[in-house]
Amino acid sequence: MVTMYGSPICPDCVEAVELFRQHGFTGYDYKVITESTEHLKAFLHLRDTRVELGPARAAGKIGIPCFVGEDGSLTLDAAQVLQKWSNRC
């Protein structure tokens, strides 16, 4: 299972959800950071502490969509999620 942090007002997040739909990938839990302070706080903790999000921070970007695997791996690339996790669900 993968946790996706994002928002439906983010075009990249909308694209990721559509990519998952097109491939029939349902092995993710979408945490909408613009609808829940709990989800926003969890994402901000990741954004502030994970080295993988350093380039997004440095560029002044939000860093979504952000995908965290059950093994703790983190990526900003929906295609990588499909490659790694779609055959496990």
Side-chain angles (χ1 to χ4, degrees):
M1 181 65 79
V2 175
T3 299
M4 174 183 171
Y5 291 96
S7 173
I9 61 175
C10 167
D12 294 333
C13 295
V14 172
E15 279 184 26
V17 169
E18 178 61 17
L19 180 67
F20 292 168
R21 186 194 66 74
Q22 289 173 358
H23 285 84
F25 178 64
T26 59
Y28 69 101
D29 183 19
Y30 191 179
K31 306 286 188 182
V32 179
I33 65 171
T34 53
E35 292 181 358
S36 165
T37 55
E38 179 183 350
H39 297 326
L40 178 60
K41 286 179 182 180
F43 170 71
L44 288 176
H45 176 74
L46 289 171
R47 187 174 184 276
D48 291 346
T49 61
R50 293 292 296 258
V51 68
E52 300 94 327
L53 289 164
R57 286 191 307 271
K61 295 183 178 183
I62 297 171
I64 57 174
C66 177
F67 308 96
V68 182
E70 60 190 14
D71 63 354
S73 62
L74 187 148
T75 185
L76 302 177
D77 187 340
Q80 282 184 345
V81 171
L82 284 176
Q83 183 179 17
K84 181 173 182 179
W85 296 95
S86 65
N87 61 348
R88 299 179 186 195
C89 301

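Both Phe67 and Leu19 sit in one connected hydrophobic cluster of ILVMFWY residues. Membership requires side-chain heavy atoms under 4.5 Å apart, directly or through other members.
Residues Met4 and Val17 share a closest heavy-atom pair of CE-CG2, 3.9 Å. Contact detail for Ala78 and Ala16: the closest heavy-atom pair is CB-CB, 3.8 Å. Scanning all heavy atoms of the two residues, the minimum distance from Arg57 to Arg50 falls at NH1-O, 3.2 Å. Minimum interatomic distance between Thr34 and Pro8 (heavy atoms only, all atoms of both residues): OG1-CD, 4.1 Å. Counting all heavy atoms, side chain and backbone alike, Thr3 lies closest to Lys31 at CG2-CG, 3.5 Å.
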Going through the checks in order, is the salt bridge (charged side-chain N to carboxylate O under 4.0 Å, His left out) test met by Asp71 and Lys84? CA-CA 11 Å; Asp71 63 354; Lys84 181 173 182 179; 2.8 Å; yes
Run the side-chain contact (heavy atoms from CB on, under 4.5 Å) check on Thr75 and Val81 step by step: do they pass? CA-CA 8 Å; Thr75 185; Val81 171; 3.7 Å; yes
Any chance you could lay out the side-chain contact (heavy atoms from CB on, under 4.5 Å) test for Glu15 and Glu18, step after step, and finish with the verdict? CA-CA 5 Å; Glu15 279 184 26; Glu18 178 61 17; 5.7 Å; no
Can you list the steps and then say if Thr26 with Met1 is a side-chain contact (heavy atoms from CB on, under 4.5 Å)? CA-CA 9 Å; Thr26 59; Met1 181 65 79; over 6 Å; no
Go through the steps to decide whether Ser86 and Phe20 satisfy the test side-chain contact (heavy atoms from CB on, under 4.5 Å), and finish with yes or no. CA-CA 9 Å; Ser86 65; Phe20 292 168; over 6 Å; no
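For the pair Pro65 and Tyr30, the minimum side-chain heavy-atom distance is 4.5 Å or more.
The hydrophobic cluster around Leu40 extends to Tyr5, Ile33, Phe43, Leu44, Leu46, Leu53, Ile62, Ile64, Val68, Leu74, Leu76, counting ILVMFWY residues whose side-chain heavy atoms fall within less than 4.5 Å of a member.
Atoms CD and CG, from Gln22 and Leu82 in turn, are 10.0 Å apart once rounded to the nearest 0.5 Å.
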